[in-house]
A.B. asks: 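Below is the structure I would like to discuss, written out as structure tokens.
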Amino acid sequence: MDYTPQSSGVTGTSQPPRLLDQVRQQCRLRHYSLRTEQAYAGWIKRFIVFHDKRHPRQMGAPEVEAFLSFLANQGQVSAATQNQALAALLFLYRHVLDTALPWMEDVVRAKRSRRLPVVLSAAEVQQLLSVIPDGTHDLMARLLYGTGMRLLEALRLRIKDVDMGRNEICVRSGKGNKDRRVPLPQSLRQRLQAQRERALAVHAGDLADGHGRTVLPFALARKYPHADSEPGWQYLFPSARLSTDPHSGHLARHHVSEEGLQRAIRSARLRAGIHKPVTCHTLRHCFATHLIEAGHDIRTVQELLGHKDVKTTQIYTHVLGRGAGGLLSPLDRLMPPAP
């Protein structure tokens with residue numbers, strides 16, 4: 001339920017939009033993703049409830065810092081989560097309440113720890129993939145490892161994004177709303193072609209039933225009124241059922257949910273006997289690390305991953321033989337290991 005601020009005593013026939021509705025409007029005005037919109041609305045609601053439903057205009061730096069302190073000390077949230085909550089509150093004051101307060105710039109941000117990514121060896125990746133049952137989940141897992149895409153980037157692929165002629169896949173509106181191209185794994189070529197045919201068959205069935213629409217980004221539905229029913233715009237991995245688009249309210253065919261593949265990866269890790277923590281994103285880390293191990297240029301890897309700064313990509317250079325795994329321990333100099 002949306003939080004409605006206490007009335008200021010002004011009466012009238014038309015009520016102003018509720019606060020969280022204004023948050024959503026401002027997020028959509030700036031083309032923020034649905035997940036960002038949901039996260040910001042959630043943090044703002046928690047902030048208001050934490051302070052006994054006081055209106056944010058009546059609060060300032062002490063209340064913001066008290067909420068962030070509660071998250072860190074009682075909630076035990078990570079630095080990234082704490083900073084996301086702060087970003088939501090700054091968005092509220094700057095863009096929704098249009099309040100330029102000097103204290104906003106002085107709120108202390110949590111310092112994020114630098115963590116090395118979990119990376120599997122090539123043998124472990126092969127072992128993991130081999131125990132995922134043949135089907136959509138197996139194809140998607142191999143696609144994540146073979147292209148370095150993020151989970152949602154793979155799920156949001158449209159039929160038109162897989163270019164068999166150029167042997168590449170176009171990733172649309174990735175992190176930072178940027179497009180990029182990644183290689184099409186030749187070992188998946190026939191399976192991706194078959195997946196395209198299945199997606200087209202699902203679309204044809206929807207059209208026959210009087211549906212056949214999908215969700216288009218931004219204002220493309222208005223610019224191209226019939227594009228949402230064209231085959232190329234359909235999701236490569238369509239959902240098993242129709243659902244209502246939260247933005248337009250139309251009944252449409254969305255992509256499959258990410259939870260299914262996440263569960264498949266967790267189950268495969270246990271069956272493969274891998275004791276490292278493995279998620280879908282681990283396959284992206286493996287893609288980058290194994291490319292650098294094979295001698296590919298870090299700038300190329302940066303482009304394939306869609307990193308804004310090469311410093312982000314440099315975290316994978318810990319496998320180049322100059323890190324811990326490439327050194328000879330002093331103990332081994334004294335006591336050479338047995339052959």
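Starting from 1, each residue takes its place in the sequence as its number.
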A.B. asks: Taking the side chain as C-beta and beyond, is there a heavy-atom pair between Leu97 and Leu92 under 4.5 Å?
C.D. replies: yes

A.B. asks: Return yes if a side-chain donor-acceptor contact under 3.5 Å exists between Arg198 and Gln195, otherwise no.
C.D. replies: yes

A.B. asks: Any chance you could lay out the side chain to side chain contact (heavy atoms under 4.5 Å, CB included) test for Thr279 and Ile265, step after step, and finish with the verdict?
C.D. replies: CA-CA 6 Å; Thr279 65; Ile265 293 293; 5.6 Å; no

A.B. asks: So Tyr316 and His285, would you call those rings parallel, tilted or perpendicular, with 30° and 60° as cut-offs?
C.D. replies: tilted

A.B. asks: If I take atom CZ from residue Arg156 and atom CE from residue Met149, how far apart are they, to the nearest 0.5 angstrom?
C.D. replies: 12.5 Å

A.B. asks: Around atom CD of Glu259, are there more than 12 heavy atoms from other residues, nucleotides or ligands closer than 6.0 Å?
C.D. replies: yes

A.B. asks: Taking the side chain as every heavy atom from C-beta outward, state whether Trp233 and His226 have any atom pair closer than 4.5 Å.
C.D. replies: no

A.B. asks: Please tell me if the side chains of His296 and Leu304 come closer than 4.5 Å, counting only heavy atoms from C-beta onward.
C.D. replies: no

A.B. asks: Go through it in stages, so that I can follow the logic: the residues are Arg189 and Asn167, the test is side chain to side chain contact (heavy atoms under 4.5 Å, CB included), and I'd like the CA-CA distance, side-chain angles, deciding distance and then a yes or no.
C.D. replies: CA-CA 9 Å; Arg189 187 181 181 89; Asn167 292 317; 2.6 Å; yes

A.B. asks: Report the residue from Val131, Val125, Leu128 that forms a side chain to side chain contact (heavy atoms under 4.5 Å, CB included) with Ile274.
C.D. replies: Leu128

A.B. asks: Could you pull out the closest heavy-atom pair between Leu120 and Glu124, with the gap in Å?
C.D. replies: CA-OE1, 3.3 Å

A.B. asks: Hey, can you tell me if Tyr32 and Phe91 have their rings parallel, tilted or perpendicular (30° and 60° cut-offs)?
C.D. replies: tilted

A.B. asks: Okay, side chain of Asp297, backbone of Arg299: is any donor-acceptor separation there less than 3.5 Å?
C.D. replies: yes

A.B. asks: Do Ile48 and Leu68 share a hydrophobic cluster (ILVMFWY, side-chain heavy atoms under 4.5 Å, transitive)?
C.D. replies: yes

A.B. asks: Do Gln26 and Arg30 have a side chain donor and acceptor closer than 3.5 Å?
C.D. replies: yes

A.B. asks: If the threshold is 4.0 Å, N to carboxylate O, is there a salt bridge linking Arg158 and Asp161?
C.D. replies: no

A.B. asks: Under a plain distance cut-off of 3.5 Å, with no hydrogens placed, do Arg263 and Ser267 share a side-chain donor-acceptor pair?
C.D. replies: no

A.B. asks: Look at the side chain of Gln76 and the backbone N and O of Asn73, then say whether any donor-acceptor pair between them is shorter than 3.5 Å.
C.D. replies: yes

A.B. asks: Evaluate whether atom NZ of Lys308 has more than 12 neighbouring non-hydrogen atoms of other residues, nucleotides or ligands under 6.0 angstrom away.
C.D. replies: no

A.B. asks: Measure the shortest side-chain to side-chain distance between Thr282 and Lys276 over non-hydrogen atoms and say whether it is less than 4.5 angstrom.
C.D. replies: no

A.B. asks: Should Leu192 and Ile132 be counted in the same cluster of Ile, Leu, Val, Met, Phe, Trp and Tyr side chains packed under 4.5 Å apart?
C.D. replies: yes

A.B. asks: Can you confirm whether more than 12 heavy atoms, excluding those of Asp98, are under 6.0 Å from its CG atom?
C.D. replies: no

A.B. asks: Got a second to check how far Leu89's CG is from Ile44's CD1, nearest 0.5 Å?
C.D. replies: 6.5 Å

A.B. asks: For Thr300 and Leu291, run side chain to side chain contact (heavy atoms under 4.5 Å, CB included): C-alpha distance rounded to whole Å, both residues' side-chain angles, the deciding distance at 0.1 Å, then the answer.
C.D. replies: CA-CA 9 Å; Thr300 301; Leu291 281 183; over 6 Å; no

A.B. asks: Arg266 and Gln262: side chain to side chain contact (heavy atoms under 4.5 Å, CB included), yes or no, with the steps?
C.D. replies: CA-CA 6 Å; Arg266 287 195 295 268; Gln262 290 169 338; 4.0 Å; yes

A.B. asks: Do His254 and Ser243 meet the criterion of a side-chain donor-acceptor pair at a distance under 3.5 Å?
C.D. replies: no

A.B. asks: Give me the other members of the hydrophobic cluster that Leu29 sits in, counting Ile, Leu, Val, Met, Phe, Trp and Tyr linked by side-chain heavy atoms under 4.5 Å, directly or via other members.
C.D. replies: none

A.B. asks: Salt-bridged, Glu230 to Lys160, with N to O below 4.0 Å?
C.D. replies: no

A.B. asks: Are side-chain heavy atoms of His51 and Gln58 found at a separation under 4.5 Å?
C.D. replies: no

A.B. asks: For Ile315 and Pro117, which heavy atoms make the closest approach, and how far apart are they?
C.D. replies: CD1-CD, 3.7 Å

A.B. asks: Could you pull out the closest heavy-atom pair between His281 and Arg150, with the gap in Å?
C.D. replies: CE1-CG, 4.1 Å

A.B. asks: Output every pair passing salt bridge (Lys or Arg N to Asp or Glu O under 4.0 Å) with a member in residues 130-142, not counting sequence neighbours, ordered by first then second residue.
C.D. replies: Asp138-Arg142, Asp138-Arg191

A.B. asks: Taking transitive links into account, so neighbours of neighbours count too, which hydrophobic residues share a cluster with Ile298 at under 4.5 Å side-chain distance?
C.D. replies: Val310

A.B. asks: List the atom of Ile159, the atom of Pro231, and the distance in Å for their closest heavy-atom pair.
C.D. replies: CD1-O, 3.4 Å

A.B. asks: If you count heavy atoms of other groups shown closer than 6.0 angstrom to CD of Gln126, is the number above 12?
C.D. replies: no

A.B. asks: Of all heavy-atom pairs between Thr147 and Phe287, which one has the smallest distance, and what is that distance?
C.D. replies: O-CZ, 3.4 Å

A.B. asks: Treating Ile, Leu, Val, Met, Phe, Trp and Tyr as nodes and any side-chain heavy-atom pair under 4.5 angstrom as an edge, say whether Leu116 and Val301 lie in one connected cluster.
C.D. replies: yes

A.B. asks: Please name the pair of heavy atoms, one in Ala227 and one in Leu216, separated by the smallest distance, quoted to 0.1 Å.
C.D. replies: CB-CD1, 3.8 Å

A.B. asks: Does the side chain of Leu144 reach to within under 4.5 Å of the side chain of Arg284, using non-hydrogen atoms?
C.D. replies: no

